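Have a look at the structure below before the remarks.
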Amino acid sequence: MAQRSNFGSKIGVVLAAAGSAVGLGNVWRFPTEVGNNGGAAFILIYLFSVFFIGIPVMLSEFVIGRSTHANAITAFRKLTEPSVTDESRRDRSLVGRLKNSRWWRIGGIEGVFVAFFISCYYIIVSGWTLHYTVASFCNQLSGDHDYKAHFQQFVTSPWEPVLYAVIFMLIVHVIIVRGVQNGIEKFSKLMMPMLLLIIAVLVVCSFSMSGFTEGMAFMLKPDFSKVSPTVVLSAVGQAFYSLSLAMGCLCTYASYFGSDTNLGRTAVNVALIDTCVAVLCGFIIFPAVFSVPSVSANEGPGLVFITLPHVFNIAFHHTPVIGYLFSGLFYVLLLLSALTSAISLHEPVTAYIHEEWNVSRRKAAWMVTVACMLLGVACSLSMGVWNDFKIAGLCLFDLFDFVSAKLILPLGGILICLFVGHKLDRQLVENEVTNHGKLRVPLFRLYIYLIRWVAPLAIALIFFNELFFSK
Ligand code: PHE
């Protein structure tokens, strides 16, 4: 097999993994959830979810990836090979058989498949962000404008969203083909600081908005009356999605970590960056929203593409130049975050095809890019001309989202927890987390407890909630 490359620096490791985590989920989904679910009360529950579920699951993915230095599917296969489980082979009890089962390998297959299917519609929404960036810099989002009609017309057009998605995907492709160090790492090191800088500039700008105090109060004052079990579960779900868990992405990235990478610290840093970005995006969006009296903070998913252009336009009507820059930078932020995440969705599939089907990385990347584009086009058309074609009452776009993100993803999450918590040899896990005894990890026992019991149970609850109780 071809020589595998690794990330070249510690900062590269953190920025690449944080690039995967920081995405549309932070800029778009998090503020929407906060707006709908009681402001700071939701944020508080979210922080708990990140700490008690998100970080342990992320660390487990790191353990799987780094201990095998292989793509997600091969990683699970290697860890279930008889040599790894020799000492427990003779255990013929039900528990013993379950532990030795080859079915655990589904964990890796699930990761790669979900990454692929999520890519197909993620690139469509990413294409929208590219369109809004261009439209914003071409000054098409200012003046008297029907933003809702603009959005509707754009997403249902048969060719426009497809064109933007294809351009977006080609950018992702070029980065992937350049490889781990020259592509993913180099671009993450360039894009993530840019993204953080844009956030800083936008937060400072939002201080001057008339709705700043009200927006901040909304975000920082908890409204516990809105908290229900469903809200708690959506906080856990949001943490899961935002941290890119159970999609083979972080597991594949971890397979490029060096032997001296501190896995626990990396997981904490990535979670910290991801959470700070999400909260700071709220600091940008809510002051803007509260600056315009006719708009409410819980507008739902249209927030970023319908409400915000309208808000930017009105909030800065005295200083249109600043409005122009603010809006342009905001969409660049959205675009960069989508780009780093899309790269991390492409990589697990490319790595698998490259390593297992014995084709060059370039060819593997092309296969993934073309397949994603084809299915992506179908998803995009399903919002417009193919809208009548429905499976189980859902158009293709919603079907992909439902099956991958809502159905398979939680199951994959549970599998990862059970795999690392119950199946893997405890010594192997400890060796990975402590770098073979070189690091002191005082919370190791807590981690094991969380991954064995708390996280799988919590994810199972989200799963049933999504399936039976969400609208
Ligand atoms: N974490 C990304 C976001 O917040 C979404 C994503 C999921 C990206 C899985 C990569 C893998 O938008």
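Just so it is clear, the model here is predicted, and its values are computed rather than measured. What you see below is based on every heavy atom in this structure, not just the backbone, and it leaves out hydrogens, waters and symmetry mates. Counting starts at 1 for both ligands and their atoms, following the listed order.
For H150 and H310, the side-chain atoms include no donor-acceptor pair closer than 3.5 Å. Under 3.5 Å, the side chains of H354 and T350 contain no donor-acceptor pair of N or O atoms. A donor-acceptor pair shorter than 3.5 Å can be found between the side chains of S60 and Y447.
Judged as a salt bridge (charged side-chain N to carboxylate O under 4.0 Å, His left out), and not counting sequence neighbours, R29 has no contacts. By the salt bridge (charged side-chain N to carboxylate O under 4.0 Å, His left out) test, E33 pairs with no residue at all, sequence neighbours left out. Listed by chain and number, the residues in a side chain to side chain donor-acceptor pair (under 3.5 Å) with S119 amount to none (sequence neighbours excluded).
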Could you pull out the N/O contacts under 3.5 angstrom between ligand 1 and the surrounding protein atoms?
unit_1   : atom_1 : unit_2 : atom_2 : d
ligand 1 : 1 (N)  : S20    : O      : 3.4
ligand 1 : 1 (N)  : A21    : O      : 3.0
ligand 1 : 1 (N)  : Y241   : O      : 3.0
ligand 1 : 1 (N)  : S242   : O      : 3.0
ligand 1 : 1 (N)  : S244   : OG     : 3.0
ligand 1 : 4 (O)  : A21    : O      : 3.1
ligand 1 : 4 (O)  : G25    : N      : 3.3
ligand 1 : 4 (O)  : N26    : OD1    : 3.3
ligand 1 : 12 (O) : L24    : N      : 3.0
ligand 1 : 12 (O) : G25    : N      : 2.7
ligand 1 : 12 (O) : Y122   : OH     : 2.9

